[in-house]
Amino acid sequence: MTMVSSEAVGEYNRNGVLTKSIKGARRIEYFVHGGMGAWAIAVHGGAGVDPNLPKERQDEAKRLLTRCLDIGISALRSNVPAIDVVELVVRELETDPLFNSGRGSALTEKGTVEMEASIMDGPKRRCGAVSGLTTVKNPISLARLVMEKSPHSYLTTPGAEEFAKKQGVEMVDNDYFITEDNVGMLKLAKEANSILFDYRIPTVGTCGAAVDSHLQMNGLPISVYAPETVGCVVVDKEGRCAAGTSTGGLMNKMSGRIGDSPIIGAGTYACELCGVSCTGEGEAIIRSTLARDVAAVMEYKGLNLHEAVDYVIKNRLDEGKAGLIAVSKNGEVACGFNTTGMFRGCATEGGFMEVGVW
């Protein structure tokens, strides 16, 4: 069953499913299968999609999300635990340069890459997070090692990379993460003296300069809004929930800036009830502790997953723009966003599978 929030505005198909949302509309999707003992998975590649995004780019993103879902589905059918599936899928997203994580990460104002990630295992609320990484090939795997092989929950540079070397994780030169597209986008961002959220699809005027935007972050102007953080949430057949999030941050960000992705309770959260991964305006997600709030209103207000996602997107973001994916211990999947679109995909044990952008 698919349910779409009554506040979502746009074009619907003959089955009543929203196929194209109007800019600024809030959209919540909800998929139900089975109940206890049913697995489910969702992935995202970022919220805030340029409405003029070329179809080729949309198709490329859908193919990657589909491939990641297939990897996760295969693992879940083989009874792989939720936490292992999350790491496996996010590693795939980090390895492909399409989205803003791992290889293909956004560049800092210095032209370097500083990555961050977090992972959380719901049953005992174990978690691990890392930030400021410059040479770790797969940040999500280092985050898991922090969770399992260290006495801490969060490590940042230089300690995080020293820990990585001791753990024998794969290291690469910083140049490995830098793509030609990102070098060009950083140049545009510097020329516009702006932070570029959509660092691959800039808004340009007739003179080639970035168009002024009324969007703000912490009161400061920013340009086109379209971050491309990646994430995965999973519930396995045992009802165990897990979540993971990974990103390179913002194009032309200040060196040392940390967003919501490595912050437990903001960008990532998992407990016995649900698993959540967020994407969008990091500063707004941090202020709202968005991921934790989904679990909190389920626990304290008795809301189901769909109601919880709808509630936090509507009431917790103030003027911020963001989206999230979530699963519950009962095999439910939900995704919500208040941006033009969100790269996302989900699948359930009952055979339902969907990949979407708008």
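The residues of the chain are indexed from 1 along the displayed sequence.
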In sequence, state the C-alpha distance, the side-chain angles, and the governing distance for Thr268 and Val276, and then conclude on side-chain contact (heavy atoms from CB on, under 4.5 Å).
CA-CA 6 Å; Thr268 304; Val276 185; over 6 Å; no
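- The side-chain hydrogen bond (donor to acceptor under 3.5 Å, both in side chains) search around Thr289 returns none, not counting sequence neighbours.
- At a threshold of 4.5 Å between non-hydrogen side-chain atoms, the residues His44 and Phe343 do not count as touching.
- Annotation: salt bridge (charged side-chain N to carboxylate O under 4.0 Å, His left out) contacts involving residues 158-169, sequence neighbours excluded, are absent.
- Between the side chain of Glu170 and the backbone N or O of Lys137, no donor-acceptor pair lies under 3.5 Å.
- Judged by distance alone, the side chain of Ser118 and the main-chain N or O of Ala129 form no donor-acceptor pair under 3.5 Å.
- The closest donor-acceptor contact from the side chain of Asp318 to the backbone of Gly320 lies at 3.5 Å or more, if one exists at all.
- For the pair Lys253 (side chain) and Glu114 (backbone), a donor-acceptor distance under 3.5 Å is present.
- Annotation for Pro139 and Ser246: closest pair CB-OG, 4.3 Å, computed over non-hydrogen atoms.
- Between Glu283 and Arg257 there is a salt bridge, with a side-chain nitrogen of the basic residue lying less than 4.0 Å from a carboxylate oxygen of the acidic one.
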Trp39/Glu238 under side-chain hydrogen bond (donor to acceptor under 3.5 Å, both in side chains): CA gap, chis, key distance, verdict
CA-CA 8 Å; Trp39 57 256; Glu238 303 299 321; over 6 Å; no
Candidate pair Lys55 and Asp59, rule salt bridge (Lys or Arg N to Asp or Glu O under 4.0 Å), full reasoning
CA-CA 6 Å; Lys55 186 178 185 301; Asp59 292 342; 2.8 Å; yes
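- With hydrogens and angles left out, the side-chain atoms of Thr229 and Thr247 include a donor and acceptor closer than 3.5 Å.
- Met353 places a side-chain heavy atom less than 4.5 Å from the side chain of Ile73.
- Closest non-hydrogen pair, Gly249 versus Ala106, comes out as O-CB, 3.6 Å.
- Checking side-chain atoms of Asn138 against main-chain N and O of Ile140 turns up no donor-acceptor pair under 3.5 Å.
- In this structure, Arg125 does not pair ionically with Asp121, as no charged nitrogen and carboxylate oxygen lie closer than 4.0 Å.
- Looking at Cys335 and Met342, their side chains come closer than 4.5 Å, going by heavy atoms from C-beta outward.
- Judged as a side-chain contact (heavy atoms from CB on, under 4.5 Å), and not counting sequence neighbours, the contacts of Ile258 are Glu116, Ser131, Tyr154, Pro262.
- A distance of 13.0 Å separates SG in Cys127 from NE2 in His152, rounded to the nearest 0.5 Å.
- Between Cys241 and Leu273, the closest side-chain pair of non-hydrogen atoms is not below 4.5 Å.
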Would Val86 and Val233 satisfy side-chain contact (heavy atoms from CB on, under 4.5 Å), going step by step from the backbone distance to the final call?
CA-CA 6 Å; Val86 166; Val233 292; 5.9 Å; no
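- In this structure, CG on Leu107 lies 12.0 Å from CZ on Phe177, to the nearest 0.5 angstrom.
- A pairwise comparison of heavy atoms in Asp260 and Gly282 identifies OD1-CA, 3.2 Å as the closest pair.
- Put simply, SG on Cys274 and CZ on Arg292 are 8.5 Å apart, with the number rounded to the nearest 0.5 Å.
- Using modelled atom types, no side-chain atom of Thr245 and backbone atom of Gly231 make a donor-acceptor pair closer than 3.5 Å.
- Taking both residues in full, the closest heavy atoms of Glu109 and Lys190 are given as O-NZ, 2.5 Å, listed atom of the first, atom of the second, then distance.
- Residues Val43 and Leu64 share a hydrophobic cluster, clusters being chains of Ile/Leu/Val/Met/Phe/Trp/Tyr side chains in contact below 4.5 Å.
- Closest non-hydrogen pair, Leu69 versus Cys346, comes out as CD1-N, 3.6 Å.
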Should Lys321 and Phe337 be marked as a side-chain contact (heavy atoms from CB on, under 4.5 Å) after you check the CA-CA gap, both sets of side-chain angles, and the distance that decides it?
CA-CA 8 Å; Lys321 299 294 183 180; Phe337 51 92; over 6 Å; no
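- Looking at every heavy atom in both residues, Gly132 comes nearest to Thr156 through N-OG1, 4.2 Å.
- Within the 4.5 Å cutoff, side-chain heavy atoms of Val333 are placed close to those of Thr348.
- Atom CD of Glu354 is separated from atom OG1 of Thr66 by 10.5 Å, given to the nearest 0.5 angstrom.
- Every pair tested for salt bridge (charged side-chain N to carboxylate O under 4.0 Å, His left out) that includes a residue from residues 270-280 fails, sequence neighbours excluded, so the list is empty.
- Within the structure, the salt bridge (charged side-chain N to carboxylate O under 4.0 Å, His left out) test picks out the following pairs touching residues 138-158 (sequence neighbours left out): Asp84-Arg144, Glu87-Arg144, Arg126-Glu148, Arg144-Glu148.
- Side-chain contact between Ile313 and Leu317 is present, with at least one heavy-atom pair separated by less than 4.5 Å.
- Ile41 and Phe99 end up in the same hydrophobic cluster when Ile, Leu, Val, Met, Phe, Trp and Tyr side chains are linked at under 4.5 Å.
- Hydrophobic clustering (ILVMFWY, side-chain heavy atoms < 4.5 Å, transitive): Met115 and Ile264 are in distinct clusters.
- Annotation: side chain of Leu76 is not in contact with side chain of Lys237 (no heavy-atom distance under 4.5 Å).
- Side-chain atoms of Ser74 never come within 3.5 Å of backbone atoms of Asp70 as a donor-acceptor pair (strictly under, hydrogens ignored).
- One distance of note links CG of Asp310 with CG of Leu305; it measures 11.0 Å at 0.5 Å rounding.
- Evaluation of the salt bridge (charged side-chain N to carboxylate O under 4.0 Å, His left out) test over residues 171-180, restricted to residues two or more places apart or in two chains, returns none.
- Side-chain N or O atoms of Asn330 include none that pairs as donor or acceptor with a backbone N or O of Glu332 at under 3.5 Å.
- Under a 4.0 Å N-O distance rule, the pair Glu92/Arg67 qualifies as a salt bridge.
- Although no hydrogens or angles enter the test, the distance criterion places no donor-acceptor pair under 3.5 Å between the side chain of Arg91 and the main chain of Val89.
- Ile286 contributes atom CD1, which lies 10.0 Å from atom CD of Glu281 (distance to the nearest 0.5 angstrom).
- Both Leu65 and Val85 belong to a common hydrophobic cluster when Ile, Leu, Val, Met, Phe, Trp and Tyr are linked at side-chain heavy-atom distances under 4.5 angstrom.
- Judged by a 6.0 Å distance limit and a 45° cone about the ring axis, Arg316 is not positioned over the six-membered ring of Tyr311.
- The cluster map of Ile, Leu, Val, Met, Phe, Trp and Tyr, joined by side-chain heavy atoms under 4.5 Å apart, puts Phe163 and Leu133 in the same cluster.
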Please determine whether side-chain contact (heavy atoms from CB on, under 4.5 Å) holds for the pair Leu324 and Thr279, giving the CA-CA distance in whole Å, both sets of side-chain angles, and the decisive distance to 0.1 Å.
CA-CA 6 Å; Leu324 63 85; Thr279 173; over 6 Å; no
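- Residues Arg103 and Asp96 have side chains not in contact (no heavy-atom distance under 4.5 Å, counting atoms from C-beta outward).
- Counting only distance, with no hydrogens or angles, the side chain of Asn174 and the backbone of Thr134 share a donor-acceptor pair below 3.5 Å.
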